[in-house]
Every structure is written in structure tokens, then in C-alpha cells.
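Structure first, then comments.
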Amino acid sequence: VKARDYDIIIVGAGLAGSSVAWHLARLDSSKRIVVIEREHVPGSHASSQNAAMIRSLVFEDALVPFAIDGTLFWNELPHGIDRPGAFRRVGSLLLASHDATLCLFEQRVEQARARGLHPEILDHERCRHLFPALAQTPFLAAAYSPEDGVADPLCLVEGFLRGARQQGAELRKDSEVVGLLSEEDGTHGVRLADGQTLHAPIVVLAAGAWVPQLMEMAGLRDVGLRPHRRHLFHTSPCEHAIPGFSRKLPYVWHIDLPSYFRWEAGGALFCACDEDPAPPGRPEVDPKLDSFVENRLRASFPCLLDLPIARSWAGLRTYTPSQEFLLGEDPSARGWFYAAGLGGHGVTCASPAGQHAAKAILGQYASC
Ligand SMILES: Cc1cc2nc3c(=O)[nH]c(=O)nc-3n(C[C@H](O)[C@H](O)[C@H](O)COP(=O)(O)OP(=O)(O)OC[C@H]3O[C@@H](n4cnc5c(N)ncnc54)[C@H](O)[C@@H]3O)c2cc1C
């Protein structure tokens, strides 16, 4: 029997991998865990390229409990992660133009209220009173969620990793997994770029946009998990250009004219909810996106048009066709686990998703 180097190897130290490590270490500190991260700074891909909004009301049925639990987690951060500024509880306004969307809002509001959150439906008039800049935005009504807000995702990655290490987990930074091994005796392993091989009965693929590549490397079934690029824009300070705009206002997301914006350092951080398939890596900004963004904003948030853009960037959201998270053991290949496919919800849902994967690894939940 081959010597085990670890009980569990986790590939990737973004929100997903660091959360799995933290939950595993809390649930069973006797396990020898290693987290392997290619970069020097954990969380330096999708986990730091996002809009950092905590959103409790989501539309995919399977994600509802994760979004609610994730929002509750951010509102009561555990000791060690609860650093000043980790979470700004400013609330959110999700706008609807269609009756069907409003109907779904009503269902989600009920579900969230049953779990102790306090969302409510606000009519057009009340929304405009709360947020005067919405005067030019077409919508019927909104779901207002006071417990939503803006988070510091890197604070969470660092907190998870610090907590996991305090319980004995090891973090190997600047270390890339370049090969995956599956032995006949049920031992799994990873080969690192420096030639070293590490063995463990369990390997967790938590490498964000790179998970599909790793799955292919290990001969695992393709479930359609793919990275998609999305752009974010940050304007120069513009509090005077947008009526009533301040750091205390909720972020605003138009569901039927997909786009959102929020306050960030005196300017507006906004997104036109573009998405196109992209290879894993650091995505470049597409200069041809300008007219798409302008048209979208003209329809949804004309108050943002013509504001000077200070910077723009793109990040990768990685998801399955159903948008359901990929958590737990591969149903047809024992020992391979996933904490992947967090799509556009990884900041909100990192903790419950990591907990779900950790419990599956420890045999407390069924596989995915
Ligand atoms: C534009 C944008 C906006 C978003 N806005 C929000 C939002 O407002 N709210 C929200 O909840 N979510 C949001 N998200 C989603 C959220 O950012 C992601 O769901 C989350 O960051 C995914 O985390 P991850 O750990 O799976 O991936 P990553 O953060 O990408 O981490 C994967 C890690 O694996 C490492 N890795 C990869 N391959 C290897 C290898 N071979 N060896 C070793 N290490 C490896 C990488 O270096 C990386 O650090 C947004 C995402 C984007 C792109």
C-alpha cells in the first residue's frame, strides 16, 4: 500500500478551496489537509475580480438555501473572520419589469423570511423615494433585502485559510498541480510543477475556471462546467452626478434589463451582465463591448451614461449549464471531489458551499 502524504488534498485556494479547508478543519481537526495554490496570493483570480455583492434572493431553486445561508453567514461572521470592513450591510434592490419576475420575487421573499431574513417587496414609488436616481429607470417594483450588502472577499479567503492553518491544515503557495493520478489501490495523487508527487485518498478540485481542465486530466466525466467572462466598470467619483448616491445606499440590480451598480470609493461600480465563454486565465477586457454596455445602460440605468470610467476589468464566472454548484464526490469516480461551479454566487455562498463539500468528504452528506 502506497504511503499517504495527506488525508485530503485541495487544489485551489480561492473562496471555494479555502472554505472547504476551513470547514474540514473545524469538523475534523485530525485530518491531514493540504491546500495547493499556484499563485503567491490566494484568491487572486475570480475571488478578487468580482463585484462582492451579497445577494440572498436568487432564482435557481437549487441555489436558494445556499444564498440564504451565505447571507446569514456574512451577517454574523465568526470570530477570526469578522475583521472591520469585512461586510457593509447596505441592502439590495432587485428591480423587476415583468409580472413573472415579480411573482418569483414574492416566492423568494417568503422563503427568505421563513429563514429569518427580512426582505420585502417595494412599489415603484417607495423605491424612487429610497433611491432618487431610479427616476429614469423602467421597472414595476423591487425586492428590497436589508441583510444584503457588499463584502470583502479576500478578507474571507484569508480568514478561512488562517482558521484552517490554526487547526493544522497546510497551505502550499506558488505550487501548481500539473498532473492528477489515480492508483489502483484507491489512492489519488497530484503531481506538482516542481516534479513532486503527493498522495491522498481524497483530492478536491476547487480550482475555479481550471476545474474542467483538471477533470479532463483525470479522465472525469464532462458535466459542461465552463468559464464565462464578465466585465466590471468603475467610474471616477460621481456622488454629485447621481441624485442621492452615497455609500449607504443599497446596490441596485435590474433583473429584467440585466445590469447592476453600486457605490465604490465615491464612484459607481457597474456591470452590464455580459457573458461569453472564455478559456481559463486572466481574461482581457474586450474593447468591442462598449456599444453593448451603452445600449444596456441606456435601457436600465441612464444615470450612469457618460460618467468617466476610471478602470475596467474582466473576471471568469464558472458554471454548469443548470447553474447548480458542483459539490461533493464524483458519482462515478471515488475519491475525486468537487467544490466548483460557484458561478456568480461564490462570494455570497462560499461558506455554505464549502461546508456542503466538507460534509460530503467526511461522509456526512451524499455525493453530488
Ligand atoms: C465579474 C464577476 C462578478 C462577480 N460578482 C459576484 C458577486 O457580486 N457576488 C458573488 O457572490 N459572487 C460574484 N462573483 C462570483 C465569485 O467571484 C466566484 O464564484 C468565486 O470567486 C469562485 O471562487 P473559486 O474559488 O471557485 O475560484 P477562484 O477564485 O478562481 O480560485 C481558484 C484558484 O485555483 C487556483 N488554481 C487553478 N489551477 C490550479 C492548479 N493547477 N494548481 C494550483 N492551483 C490552481 C487558482 O490560482 C485560483 O486561486 C463574480 C464573479 C465575476 C467574475
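Order of listing sets the numbers, starting from 1, for every ligand and every atom in it. Fair warning: this is a prediction, and the values are worked out from it, not measured in the lab.
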May I ask you to identify the nearest protein heavy atom to [atom], giving residue, atom name and distance to one decimal place in Å?
atom: atom 10 (C) of ligand 1; value: G344 O, 3.2 Å
atom: atom 23 (O) of ligand 1; value: S47 OG, 3.4 Å
atom: atom 44 (N) of ligand 1; value: R38 N, 3.1 Å
atom: atom 52 (C) of ligand 1; value: R317 CG, 3.5 Å
atom: atom 27 (O) of ligand 1; value: G208 CA, 3.5 Å
atom: atom 42 (N) of ligand 1; value: V177 N, 3.0 Å
atom: atom 5 (N) of ligand 1; value: A51 N, 3.1 Å
atom: atom 31 (O) of ligand 1; value: G14 CA, 3.5 Å

Tell me which part of [X] gets within contact of ligand 1: side chain, backbone, both or neither, using heavy atoms under 4.0 Å.
X: C349; answer: neither
X: H231; answer: neither
X: S175; answer: backbone
X: I54; answer: neither

Report task. May I ask whether S19 places a heavy atom under 4.0 Å from ligand 1? Result ->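 Checking ligand 1 against S19, which is what was asked, there is no heavy-atom contact under 4.0 Å.
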Query raised in the report: Closer than 4.0 angstrom: is that true for some heavy atom of A340 and an atom of ligand 1?
Result: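 No.
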If you group Ile, Leu, Val, Met, Phe, Trp and Tyr by side-chain heavy-atom gaps below 4.5 Å, do [X] and [Y] land in one group?
X: Y144; Y: I68; answer: no
X: V211; Y: I9; answer: yes
X: L305; Y: F301; answer: yes

For ligand 1, which atoms have a heavy atom of [X] less than 4.0 angstrom away?
X: I36; answer: 43 (C), 44 (N)
X: E39; answer: 47 (O)
X: A52; answer: 7 (C), 8 (O)
X: Q49; answer: 1 (C), 2 (C)
X: W210; answer: 37 (C), 38 (N)
X: M53; answer: 7 (C), 8 (O), 9 (N), 10 (C), 11 (O)
X: L342; answer: 19 (O)

Is there at least one pair of N or O atoms, one from [X] and one from ligand 1, spaced under 3.5 Å apart?
X: G315; answer: no
X: L232; answer: no
X: A209; answer: no
X: A16; answer: yes
X: L214; answer: no
X: G17; answer: no

Please compare [options] and report which has the shortest non-hydrogen distance to [atom].
atom: atom 47 (O) of ligand 1; options: R229, R230, H345, E37; result: E37
atom: atom 15 (C) of ligand 1; options: G341, G281, G343; result: G343
atom: atom 50 (C) of ligand 1; options: T348, L192, D274, N50; result: N50
atom: atom 32 (C) of ligand 1; options: A207, G12, G43; result: A207

Query raised in the report: What orientation do H345 and F325 show, parallel under 30°, tilted 30 to 60°, or perpendicular over 60°?
Result: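 The rings of H345 and F325 sit tilted, inter-plane angle from 30° to 60°.
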Query - Mutual orientation of the aromatic rings belonging to F160 and H23 [parallel < 30°, tilted 30-60°, perpendicular > 60°] - result: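 Ring orientation, 0 to 90° scale: tilted.
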Exceeds 12 heavy-atom contacts within 6.0 angstrom, atom [atom1] of [X]:
X: R165; atom1: CZ; answer: no
X: R334; atom1: CZ; answer: no
X: R83; atom1: CZ; answer: no

Query raised in the report: Can you find a side-chain donor-acceptor pair between Y319 and E60 that sits under 3.5 Å?
Result: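 On atom types as modelled, these side chains do not qualify, holding no pair under 3.5 Å.
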Requested in this report: Check whether the side chains of E147 and W74 place a donor and an acceptor atom closer than 3.5 Å, and report yes or no.
Outcome: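 No, no side-chain donor-acceptor contact under 3.5 Å.
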Query raised in the report: Given the rule in the side-chain hydrogen bond (donor to acceptor under 3.5 Å, both in side chains) test, do W22 and Q167 qualify, once you have shown the distances and angles that lead to the verdict?
Result: CA-CA 9 Å; W22 186 73; Q167 299 289 326; over 6 Å; no
Requested in this report: Please lay out, stage by stage, how E120 and R126 fare under the test salt bridge (Lys or Arg N to Asp or Glu O under 4.0 Å).
Outcome: CA-CA 12 Å; E120 56 181 314; R126 282 183 70 196; 3.8 Å; yes
Query raised in the report: Picking from D148, T348, D69, what satisfies side-chain hydrogen bond (donor to acceptor under 3.5 Å, both in side chains) with S56?
Result: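 Per the side-chain hydrogen bond (donor to acceptor under 3.5 Å, both in side chains) rule, the option paired with S56 is D148, out of D148, T348, D69.
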Query raised in the report: Does R108 pair with D61 as a salt bridge, N-O distance under 4.0 Å?
Result: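 Salt bridge: yes.
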Query raised in the report: Apart from W313 itself, which Ile, Leu, Val, Met, Phe, Trp or Tyr residues share its cluster (side-chain heavy atoms under 4.5 Å, direct or through members)?
Result: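 For the cluster that includes W313, the remaining residues are M53, L57, F59, L94, L102, L104, F105, V109, I121, L140, L232, Y251, W253, I255, Y260, L269.
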Query raised in the report: When F261 is tested against each of F270, F233, F131 for ring pair (Phe, Tyr, Trp, His ring centres under 6.0 Å), which residue passes?
Result: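 Exactly one pass, corresponding to F131.
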Query raised in the report: How long is the gap from CD on E158 to OG on S18, to the nearest 0.5 Å?
Result: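 Result: 10.0 Å between the selected atoms.
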Query raised in the report: Taking C-beta and beyond as the side chain, do H199 and R4 meet within less than 4.5 Å on heavy atoms?
Result: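 Side chain of H199 against side chain of R4, heavy atoms only: no contact under 4.5 Å found.
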